[in-house]
Visitor: 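Below is one structure. I have some questions about it.
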2 protein chains.
Amino acid sequence: MLAEGEGHKGIAMTALSWLSTRQTERIGAVGTELSAKITIHDVARESGVSIKTVSRVLNREPNVKADTRDRVQAAVAALNYRPNISARSLAGAKAYLIGVFFDNPSPGYVTDVQLGAISRCRQEGYHLIVEPIDSTSDVEDQVAPMLATLRMDGVILTPPLSDHPVVLDALEREGVAYVRIAPGDDVERAPWVSMDDREAAYEMTNHLIGLGHRDIGFIIGHPDHGASARRHQGFVDAMRDADLPVRQDRVEQGWFSFRSGFEAAERLLGGADRPTAIFASNDDMALGVMAVANRMRLDVPAQLSIAGFDDTPGARITWPQLTTVRQPIAAMAAAAADMLMSGVQHEEGDPPPSRLLDFELVVRESTGKAPG
Amino acid sequence: MLAEGEGHKGIAMTALSWLSTRQTERIGAVGTELSAKITIHDVARESGVSIKTVSRVLNREPNVKADTRDRVQAAVAALNYRPNISARSLAGAKAYLIGVFFDNPSPGYVTDVQLGAISRCRQEGYHLIVEPIDSTSDVEDQVAPMLATLRMDGVILTPPLSDHPVVLDALEREGVAYVRIAPGDDVERAPWVSMDDREAAYEMTNHLIGLGHRDIGFIIGHPDHGASARRHQGFVDAMRDADLPVRQDRVEQGWFSFRSGFEAAERLLGGADRPTAIFASNDDMALGVMAVANRMRLDVPAQLSIAGFDDTPGARITWPQLTTVRQPIAAMAAAAADMLMSGVQHEEGDPPPSRLLDFELVVRESTGKAPG
DNA sequence: TGTTGAACGGACAGCGCTGTCAAGAATAAT
DNA sequence: ATTATTCTTGACAGCGCTGTCCGTTCAACA
């Protein structure tokens, strides 16, 4: 272990007084590398119109002559002008800021959400504010101040926040629009983007059944996530439709974590009588199953097929690689950002504007024909 | 596969016209749940001082009588007042916004950085803006507009952006402060926060040597990351200091990815003459080695010890769990945020303010005594 | 008692932009 | 040709806050 600061030259922490960028610019003479901030006035002067007209062009407002618009746009390009977000936000209704709230994310999920959302936001000049919420402490205390200081045009909620009543209440009270990703049952309350978890689980189960498996174990996900119940339902429906029994001792409760999958697998595979396949409600738990199988020297998939859900990066980081369901996480986030930027609004009584995106079955090496 | 929109009731995408929050507030009569935005004027009136004095209290400026300060703070609390960030940013020098730039992150790393940074930012009323940068396309085109539209008090750069000259140049040209996390060799250029990668690799190698290993394979990390060379150096130094040979055919170039680790391991373990331990420069690659070992039915750690670096979530998501080095990612990000908020500035000629944080060797089950 | 500076509080001018409103120009309707 | 409309444009007033500058007050000193 290395003591802080040890073994390196000149690394003392030195906090010098702040010399504001602004002052530097002011002071800096002509020719300084720091270009003076150019404003809407510069563009107006350059193109010979009023600042209001420049503003119109910038905001794609109607009733501007094509000729005028062109002149302004040329000036914008020539001066390399960019409107200042703080000023726009202060003066106008839009904030050009979209929030992403998340809590205890599985690695990769949040990053995918951010990447997906940004891909849309960039085009429209929006930026992303990330706000981790710790739902084990007072959520109200975290959300309310944040909403009061920073105006956002909307918030993207990731599970399990998509269903957190305190968060939803706070958002509504502050009048901030939001879109939920993969919410639970309360589908009528507010806009959402999701995928058909039930159908996906149904198809995965069918994939297993098609491989000859008749005795399939299932690990349920975290009860706070709405998707958990839907995935379980898909499994049950597929078994029913294939006239296969759903044995209660083949269904274990998990928590979406590696550890919970590991422990569930120990119970599932502990006795002599064991299933020939296990379908876990997410990849982390499936990887837990995989670990138990490895430890027990079970050959995957020859002796045991394992299926996951989510197609997290971890699904490819094992051997054999995991058969799983690819969630369109980035696409869902992009759709949510879209809705927020176009100003979705849920009118009382109407069904909330929402979108259901496609999933994809990703068959890799962890599932194979049933033994015997 | 499910067609979009199929199989669900009332999910049509409906984009209603935007009714601005603002208007709603104006219109809303007394008693509406949407409380009218309270401003610094309200606080001033409530506490019987001028708005400037309120501002002084808010910004902890000197020369305010204790009695006055208390009255103002009481009013702030009573009215539940929160200053508006856009207005502060527009009028003053601070933006209350810190950016996090990242590129092609390994899952979990970016999230850790965000969590670490936020933990500090929240206290000071700062928010985090995330900006993924795609360094395969024009970086200048991505960074310049973003900096022009949104003023940020500083930017946290994660590897490999910490060493990306175009990004650093753009930041400096725009006069935006930045702190680099785990930069490469150019330690003199600008502030950074890091850990001693060389020392950590040195200790890990010693751990292996202490276990009796004399023939150790090493997989180098991505050459764009400054840490790669340092970790390699630590390995070489430890071998030298133990009078052990560093065979060229025991060192493979990797790219920090699972696949590159997998392929390197295939080369390392392909022949009859193979090392008894492999030290990979990060966990993803170590997991690749583990997959090859599993596939070859090698017992880990009895026949092969495997060590990683980073302690990513994936390190615990295998069996056996990975021996690795815990990087203080969140702490590094928190330190970086600290530096930015306190207004670090690198004065020409001085060594840049920087911090070196502790790492931790995490010995788990993937390393054991050398065979024989 | 007079003087001086520090401590304290407030008036005021913007920051860069958008919303409102109204005037003038162009077009349509009569 | 005249009036009624619509289109196009600009002047202007803030949005909510901080920085600057100036007027007080008050203690400490001569």
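The chains referred to below are lettered A, B, ... by the order of the sequence lines, with proteins before strands, and numbering in each begins at 1.
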Visitor: Look at the side chain of A/Arg151 and the backbone N and O of A/Ala93, then say whether any donor-acceptor pair between them is shorter than 3.5 Å.
Guide: yes
Visitor: Output all residues satisfying side-chain hydrogen bond (donor to acceptor under 3.5 Å, both in side chains) with B/Ser135, sequence neighbours left out; order by chain, then residue number.
Guide: B/Asp103
Visitor: Give me the residues of residues 63-72 of chain A where at least one heavy atom lies under 4.0 Å from an atom of DNA chain D, by number, or none.
Guide: A/Asn63, A/Val64, A/Lys65, A/Thr68
Visitor: Take atom NE2 of A/His41 and atom P of C/dC17, then tell me their distance rounded to the nearest Å.
Guide: 8 Å
Visitor: May I ask you to decide if A/Val43's main-chain N or O and A/Ser47's side chain share a donor-acceptor pair within less than 3.5 Å?
Guide: yes
Visitor: Please state how far atom CG in B/Leu58 lies from atom C1' in D/dT18, giving the value in whole angstrom units.
Guide: 11 Å
Visitor: Is a side-chain donor or acceptor of A/Arg82 paired with a backbone partner of B/Pro145 at a separation under 3.5 angstrom?
Guide: no
Visitor: List for me each residue that meets side-chain hydrogen bond (donor to acceptor under 3.5 Å, both in side chains) alongside B/Asp42, sequence neighbours excluded, and say none if there are none.
Guide: B/Arg45
Visitor: When the C1' atoms of the five terminal pairs at each end define the local axes, what inter-axis angle does the helix from C/dT1-D/dA30 to C/dT30-D/dA1 show, to 10 degrees?
Guide: 40°
Visitor: Provide, to the nearest angstrom, the distance between the NZ atom belonging to A/Lys94 and the C1' atom belonging to C/dC17.
Guide: 13 Å
Visitor: Give B/Tyr96 one of three labels, base, sugar-phosphate or nothing, depending on what nucleic acid heavy atoms sit under 4.0 Å from its own.
Guide: nothing
Visitor: For B/Asp70, enumerate each residue passing the salt bridge (charged side-chain N to carboxylate O under 4.0 Å, His left out) test, keeping only those at least two apart in sequence or located in another chain.
Guide: none
Visitor: Figure out the CG/P separation between A/Asn84 and C/dG16, and round it to whole Å.
Guide: 7 Å
Visitor: If the condition is ring pair (Phe, Tyr, Trp, His ring centres under 6.0 Å), which residues does B/Tyr96 pass it with, not counting sequence neighbours?
Guide: B/Tyr126
Visitor: Scan residues 114-131 of chain B for pairs that pass salt bridge (charged side-chain N to carboxylate O under 4.0 Å, His left out), counting only residues two or more places apart or in two chains.
Guide: A/Arg122-B/Glu131, A/Glu131-B/Arg122, B/Arg120-B/Asp338
Visitor: What heavy-atom pair brings B/Val179 and B/Met339 nearest, and what distance separates the two atoms?
Guide: CG2-CB, 4.1 Å
Visitor: Go through residues 121-129 of chain A and report each residue with a non-hydrogen atom lying under 4.0 Å from DNA chain D, sorted by number.
Guide: none
Visitor: Tell me, which pairs form a ring-ring contact (aromatic ring centres under 6.0 Å, His included) where one or both residues lie in residues 39-76 of chain B, sequence neighbours left out?
Guide: none
Visitor: What residues form a salt bridge (charged side-chain N to carboxylate O under 4.0 Å, His left out) with B/Asp169, not counting sequence neighbours?
Guide: B/Arg189
Visitor: Among all residues two or more places apart in sequence or in another chain, which pass the salt bridge (charged side-chain N to carboxylate O under 4.0 Å, His left out) test with A/Asp67?
Guide: A/Arg71
Visitor: Going by distance alone, is a donor N or O of one side chain under 3.5 Å from an acceptor N or O of the other, for A/Arg56 and A/Asn63?
Guide: no
Visitor: Rounded off to whole Å, could you give me the CZ-to-P distance for the B/Arg60 and D/dT18 pair?
Guide: 12 Å
Visitor: Could you tell me how far apart A/Arg88 (CZ) and D/dC17 (P) are, to the nearest whole angstrom?
Guide: 21 Å
Visitor: Short question: side chain of A/Ser162, backbone of A/Leu157 - any donor-acceptor pair under 3.5 Å?
Guide: yes
Visitor: Taking CD from B/Glu61 and P from C/dA7, how many angstroms apart are they, rounded to a whole number?
Guide: 15 Å
Visitor: Could you give the CD1-to-C1' distance, from A/Ile85 to C/dT18, as a whole number of Å?
Guide: 15 Å
Visitor: What's touching nucleotides 10-14 of chain C from the protein side, N or O pairs under 3.5 Å?
Guide:
from	atom 1	to	atom 2	distance (Å)
C/dG10	OP2	B/Ser50	N	2.6
C/dG10	OP2	B/Ser50	OG	3.2
C/dG10	OP2	B/Thr53	OG1	3.1
C/dG10	O6	B/Arg56	NH2	2.6

